[in-house]
Amino acid sequence: MFFPGTGSRPAHRGGSTFGGRGGKSRVELSAQEELAKAREERERRKRQKLEQKSAVVIQAAWRGWFSRESTKASTRKAWDERYGAEGQLLEAGDCLSLGAGGALGTLLFFYDPGQDCHRLASVARAVALATKTDEWSQFVTAYNVADSRAALMYRLKELARQCLLTLSRHRRSLAPVLAAARLVAPLDAAGGGVAGAMQECVLLLVSPDVYAGVLGKPQATTLSGAVLGHLAEAGMCRHLFLLLVAALMPQPHQPPAASGIAAALGGAHAGRHGHHHSHDHHSHSPHHIQPLGHGRGHAHGHAPLPAPVLGLSHQAPPALHTVAPKPYVEALVTQLTVRLLALKSWVAAAPEQSLHNLLFVPDLWARCGSLQPVAPRVARTALSWLAAAGPRRLAAFLPPDGPGGLPGGGGAAVAVLIANVLAVGPRLLQQDKVAAATAVPGSLRAPALATARVLHALVSLLPLAPFFGEGAAAGGAADDDEDEVDEAACGSLGLMRLTLSLSAAGALPRSVVDGVQGLTGISGRQLLKQMVTLLLPVAAPGAGGGGGAGGAGQGSANTSASGYATGGAASLGTSPSGGYFMTLGGSPPMRAGSLTNTGSLGKASLGAAAAAAAAAATGAGIAGVQLPGAVSAALALTPPSTSSLLEAAEAAHAVAELVHQLCQLPGQRQRVMLGLAVGCDFVERMWWSFLRPARLADIVGITWLPDPSAPASGPGGAGSSVPGLSPCGTKASVSTSSSFNCSGAAPMEVELAGGGQLSRQGSRNNTGTGFDDGAGADGTGASGGGGGGGGGSGWRPRMAEELGWLLPLAVACGVFTVHVTTTTLDEFYGNGSPGSQRPLALQQLYDSAAPEAGFLAMLRDSLWHVLWSDFETEHSTAGEALHAVLARAGGQLFGILYERNCRQAFCPTEAFHATALAPDRFLTEASSSRSSAGREDGTSRVWQVLAAAPYLVPFADRARLFQVMVGKEREEYRAQEDSRFLEMGMLEAGLGNRFVPIRRDQLLFDGFDRLNSLGERLRGRVRIMFIDAHGQPEAGVDGGGLFKDFMEELMRAGLSAEYGLFASNAAHQLYPNPAAMCVVEDAPRLLAFLGRMLGKAMYENVLLELPLAGFFLKKFRGAHCDLNDLPTLDPELYRNLLRLREHLLSASASASAAGGGGDGGADSAAMDLGLTFVVADEAAAALGDPHAEVELKPGGRHIAVTADNVREYIHRVAHYKLNVAPRPAVSSFLSGFYELIPRTWVSMFSGEELQTLISGADSALDLANLQQHVEYAGGYHQDHPVIHCLWEALASFTPEEQGKFLKFVTSCSRAPLLGFRYLEPRLCVQMSGGMLDAAATQRLPTASTCMNLLKLPPYRTVAQMREKLLYAVTSGAGFDLS
């Protein structure tokens, strides 16, 4: 294309056409400019047309608005001329006319709450007074005429609506009247005023009684219900909240009321001040808000709610007023609320329509006492609506801070809501007496689920101050670890905790603060017990849901609430012999005892049976099918159907998330866990209701978690060919070492759709609870039925890392831990009676008939999955938190169970070991995961396992790893040490300087003076030079033997009673003496030195015969000691405390049975032992004050020990004796020990295992191992006849005699843990005398224990060898130093 002014010859510039350097010519630029101008012109013309059209529309709208306003103004003027400015000329017939010129219809046309309230009051008064006249009957009769019904309904609805909105708008001015007692003549113009007329009119219009005489009861009920529904759609509940707050919570800081309309609105006040009214004529139009649902709820196309919703009154608020015991507003609130509850067809579609608004009123039930009878229904309905709307959206439903809300805003609202819910008490989750007779079993499941979910969200939002302090939400755990993972994230809904200003916190009533603190108090425990009973209904095999306190338990093992025997699921029962069995569909029961294989139920062996198991779980009979023994045993314990499992998972997660969130409140973890452990059999219920079925489903390979990428449709998932099973489901399994990964979880919130209806996106049925947030607004499911909540088949985990049971398992572990640490061993083991074993029968922990089906196996595999298999997978913040919670809680319980099993076995030790563990790989990875500093790399999965659950790894492997780590560090340090000396040319001087002179009669203090200051150099070689009584060095050069002898003698002296640094228990086991810190000079440094020496002995692999007390060994890994550790300190005190408990409890029971309540008589005297919460101060007693006492709790000196608090008393005594009193001495000792042996190296061993590391294995002498690693000298060799006699003689010794022989040679009666290969120096047998020396055989064997050297004469016969050896090792003869 050619443009004017362009030539045909191209311009050449810089070797480039059209502009050089690739640029554009003026011709191209001109063409583009022209095109741009053309586009701009088109856009300008389009904008101009749009502006003109918009102007036309705006002008038309303005003209319409102006016309309407003008019409309204002229109509108002005409209305005033006809009926009077205040309606004083009104007659009943004027208001009860359906014609176009009627007073009511005309008023509704021009009504403005700001300036027409007195006119509306006159109309409302006239209508209310006319309800008993013939005009009213004629007016209401129009309901039966089709042509006039709409006009009648419009007038009744709008009159009631405008009365309520006007009351709400002017609530501040009307507050004194609303807060006063009910008026004697509310419809009297002078006495009742505006408030009385409008309130009475509203109450009459929603009552079916005023219509029943004309229309009959059915039609009257329908008509009044329509009026009430219209009020509810207009945000009635929100306005009732505003009225209650204004009337019942007067604000003293508000300025006095202004003159004018306030006087006119004041009712009785207006009567005293005459009839002067000033109108509010503001030029601007009224403000409006748009409720959720985009106008839905405003029938007949009328405008949305006006400004009164936000409290935008144009008058100044009144001064502080007095609230009557039974305020006038209470009648309005109570009647409207009760009638709304009875309106079964009503379902709130927007936040302002829900009854939860009432629960934002502080002390609601106390301030409105007439609401008490319906308080449970109000709370259930409100909580159900909040749960259905989505707890994650809860923050958006909270009232703001200001005139339209509460002082303190959302933070205060959350606290008030919690306090009001807890104030309902046990009735919240109990059936009404009338409803209980016809209630469907499990009908309270949905309200319980809703309550758990909403409380979870509320606790997440709750400000910590002034309720639980400002500390970090650590749950009160005294944890020395600095964990960077926020554990609260695993149960988080993504809600940020709110805050409360000091002024707002101070404005809260004390009852609200106390109510919120009741979350972890008595009221909270009662509610939590009800929820646990309803949501975890199976408490034992074959048992129902449990009655619970006050009839709370409505679940049953044979109902859909529990998930058993529903839809073809397996039903659980007991066999005549006590075994458990499950009936699958129509198949005969199969006994659990049929499992004879005690090995692991691996996945490989179950591959062929997975389909049969799945069919069994979904109702398909398997009668006549022959299965392998392990599989048939697993199927004899088959879990319920997939839908039942999902229901159980939904309930278990709701409870677990709430409990976990409660535990994040500062200082409340122990209280919450203890309440669950003692009060509601939480562990047993969680196990039987959910964890056990989930474990069994995992064992037999049943897929029950929905596929996160597939849409949720149908009870079994999209495309499922088998009911209850999803062919594309996610396999939830931790039985193998393979990692589990999810591609993401589906959204779980039930959104409020644009049309205002609750849209349950992804819900599988309309009677359930949706994915995450459930229950219909009526509290019994969205359909209003009384079912069990359903909806379980639509549940999905909150995060991809959740296998379906990790959080419930973690919470159960926390409760389990608290239970076993606060009860005695007798309760755990049940004295041999399975029925008395708590918190779980030992057979459920581990059953030799089905070893993989127990709680222990589930915990073991879950820990292995979290700490090893899935450790290196990238996780979300919530997933990391979930894994951290399970690792902490599960690992702690795993360790406790391991120690209990070591104390009294209930399963093989191998049951604790990870089945997927490859020992060689573990050791290899552990050896390689060392940081540049030479110590362990704590971020590797090896050390995560060893830190959280070390007993997943066999003790031998852990001990070998310990020896490897110590050996590597020792070699590396000594190599560096030698290198430094060589570089400095000081090798000889260095070696010479390292000989430490020690006087034998001053071992402890010489060792302290010369070794305590070495610091890090103590890791190097230390050579001992003993000084005799004359001050001369003893003969001999220390090649390791003298140091070993020095260590043995030093520790024996330091831990003896001579110096008072250590004490011993009844079993002669040692522990740091708490009194030493007061009576021994420089005790902290001496104890730290002894700790270094013990660490040095372990560092050098020197075995010491030092029996340490069990509670003290527990301190090495930083564990907290409990009542069950007290026997290792003072068994007599332990027995006496248990006797005290039994005595007080039995005396209390006798007093109760006698009806005396313990007030007097022998039983009272038996309970009054003069004990208080104090204990003797041993440190002060050591200083000469035997009467000094220490209070076990603040004010304990004045708290008597009774049957009610005896359990607390014995635990506080045990805590003081085991943790408080010995803490300074133990801390000093361990501070020195940790300088050589890091805490992480010993924390992977139990107390008994650590004792084995220190003193060697307490087992029979392994002669074969000893023969492989012994050395010979002086003419002896492996095949020497005397050596053969030696081994035959040792083989004939008893284990006790073998130990004495070992102690004779090595000074320690125990063999090295990993065999004599690790004994340093190696045991050596040297000939004493000669083979031709006849007198040699008359001598006794001697030994040099420092060198592990046995000097053995050449005895000729086995009998002689045995006789001489036994004499030597039992008499103590033959010890010398050579």
Side-chain angles (χ1 to χ4, degrees), residues 935 966 969-970 973-974 976-977 980-981 986 989-1027 1031 1033-1034 1038 1040-1063 1070-1104 1106 1108 1112 1115-1116 1222-1239 1241-1242 1254 1346:
R935 295 295 174 92
V966 171
E969 182 168 299
R970 185 173 61 238
Y973 185 86
R974 290 179 178 175
Q976 295 173 5
E977 185 182 54
R980 287 195 302 268
F981 283 140
M986 297 175 61
L991 290 175
N993 290 337
R994 299 303 295 278
F995 279 92
V996 180
I998 300 292
R999 291 173 295 175
R1000 283 193 176 271
D1001 57 349
Q1002 296 292 329
L1003 276 172
L1004 178 61
F1005 295 106
D1006 282 1
F1008 175 76
D1009 293 337
R1010 293 172 173 81
L1011 296 179
N1012 195 49
S1013 60
L1014 290 180
E1016 189 182 32
R1017 289 181 298 162
L1018 197 58
R1019 290 195 180 92
R1021 296 182 181 89
V1022 176
R1023 301 177 186 274
I1024 300 299
M1025 180 173 62
F1026 282 112
I1027 307 299
E1034 293 184 359
D1038 185 8
L1042 292 180
F1043 173 75
K1044 178 175 178 289
D1045 185 60
F1046 164 72
M1047 290 296 299
E1048 293 169 354
E1049 295 299 326
L1050 172 70
M1051 295 305 296
R1052 187 178 294 113
L1055 273 64
S1056 67
E1058 177 184 355
Y1059 297 103
L1061 293 171
F1062 270 70
L1070 302 169
Y1071 60 91
N1073 185 6
M1077 305 299 286
C1078 300
V1079 299
V1080 178
E1081 183 180 359
D1082 213 7
R1085 297 181 63 202
L1086 286 170
L1087 286 169
F1089 170 68
L1090 291 175
R1092 291 187 191 94
M1093 291 299 98
L1094 178 59
K1096 177 65 173 176
M1098 296 182 68
Y1099 196 82
E1100 298 292 344
N1101 204 19
V1102 174
L1103 297 180
L1104 300 175
L1106 295 177
L1108 301 180
F1112 177 46
K1115 299 290 184 182
F1116 278 78
R1223 183 177 296 144
V1226 170
S1227 298
S1228 297
F1229 183 90
L1230 293 180
S1231 65
F1233 179 82
Y1234 291 148
E1235 289 181 13
L1236 280 91
I1237 305 296
R1239 175 175 162 179
W1241 288 7
V1242 293
I1254 295 171
C1346 62

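Because the structure is a prediction, the values reported are computed rather than measured.
Between Phe1062 and Phe1229, the distance separating the two ring centers is shorter than 6.0 angstrom.
Looking only at distances, no side-chain donor or acceptor of Lys1096 sits under 3.5 Å from a matching main-chain atom of Leu1236. A distance-only check finds a donor-acceptor pair linking the side chain of Arg970 to the backbone of Tyr1099 [under 3.5 Å]. The backbone N or O of Pro997 sits less than 3.5 Å from a side-chain atom of Arg1010, completing a donor-acceptor pair.
The shortest distance between side-chain heavy atoms of Leu1055 and Leu1106 falls below 4.5 Å. Side chains of Ser1228 and Met1077 form a contact here, defined as non-hydrogen atoms less than 4.5 Å apart.
With sequence neighbours left out, Asp1009 forms a side-chain hydrogen bond (donor to acceptor under 3.5 Å, both in side chains) with no residue at all. Arg1052 meets the side-chain hydrogen bond (donor to acceptor under 3.5 Å, both in side chains) test with Glu1049; sequence neighbours excluded.
Closest non-hydrogen pair, Val1022 versus Val996, comes out as CG1-CG2, 4.1 Å. Arg1019 approaches Glu1100 most closely through the heavy-atom pair O-OE2, 4.3 Å. For the pair Asn1012 and Phe1008, the tightest heavy-atom approach, listed with the atom from each and the gap, is CB-O, 2.9 Å. Of all heavy-atom pairs between Ala1225 and Asn1073, the closest is CB-O, 3.7 Å. For Leu1094 against Leu1104, the heavy-atom pair with the smallest separation is CD1-CD1, 4.1 Å. When all heavy atoms of Ala1088 and Ser1231 are compared, the pair lying nearest together is CB-OG, 4.0 Å.
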For Phe1116 and Phe1233, run ring-ring contact (aromatic ring centres under 6.0 Å, His included): C-alpha distance rounded to whole Å, both residues' side-chain angles, the deciding distance at 0.1 Å, then the answer. CA-CA 9 Å; Phe1116 278 78; Phe1233 179 82; 5.0 Å; yes

Report the C-alpha separation of Leu1230 and Arg1239 in whole Å, then their side-chain angles, then the decisive distance to 0.1 Å, and conclude whether the side-chain contact (heavy atoms from CB on, under 4.5 Å) test is met. CA-CA 9 Å; Leu1230 293 180; Arg1239 175 175 162 179; over 6 Å; no

Going through the distances and angles, do Ser1227 and Lys1115 end up as a side-chain contact (heavy atoms from CB on, under 4.5 Å)? CA-CA 9 Å; Ser1227 298; Lys1115 299 290 184 182; over 6 Å; no

With side-chain contact (heavy atoms from CB on, under 4.5 Å) as the criterion, how do Phe1112 and Val1226 come out once you've worked through the C-alpha distance, each side chain's angles and the decisive distance to 0.1 Å? CA-CA 8 Å; Phe1112 177 46; Val1226 170; 4.2 Å; yes

Test side-chain contact (heavy atoms from CB on, under 4.5 Å) applied to Val966 and Asn1101, step by step: CA-CA 9 Å; Val966 171; Asn1101 204 19; over 6 Å; no

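Interatomic distance, CG of Leu1103 versus CD of Glu1048, reported as 9.0 Å (0.5 Å rounding). Here the straight-line distance linking atom CD1 of Ile1027 with atom CZ of Arg999 works out to 9.5 Å at 0.5 Å rounding. To the nearest 0.5 angstrom, Leu1011 atom CG is 5.5 Å from Ile1024 atom CD1. Here the straight-line distance linking atom OH of Tyr1059 with atom CG of Leu1086 works out to 9.5 Å at 0.5 Å rounding. In this structure, CG on Leu1050 lies 8.0 Å from CD1 on Ile998, to the nearest 0.5 angstrom. Distance check: Phe1046 CZ to Leu1003 CG gives 6.5 Å after rounding to the nearest 0.5 Å.
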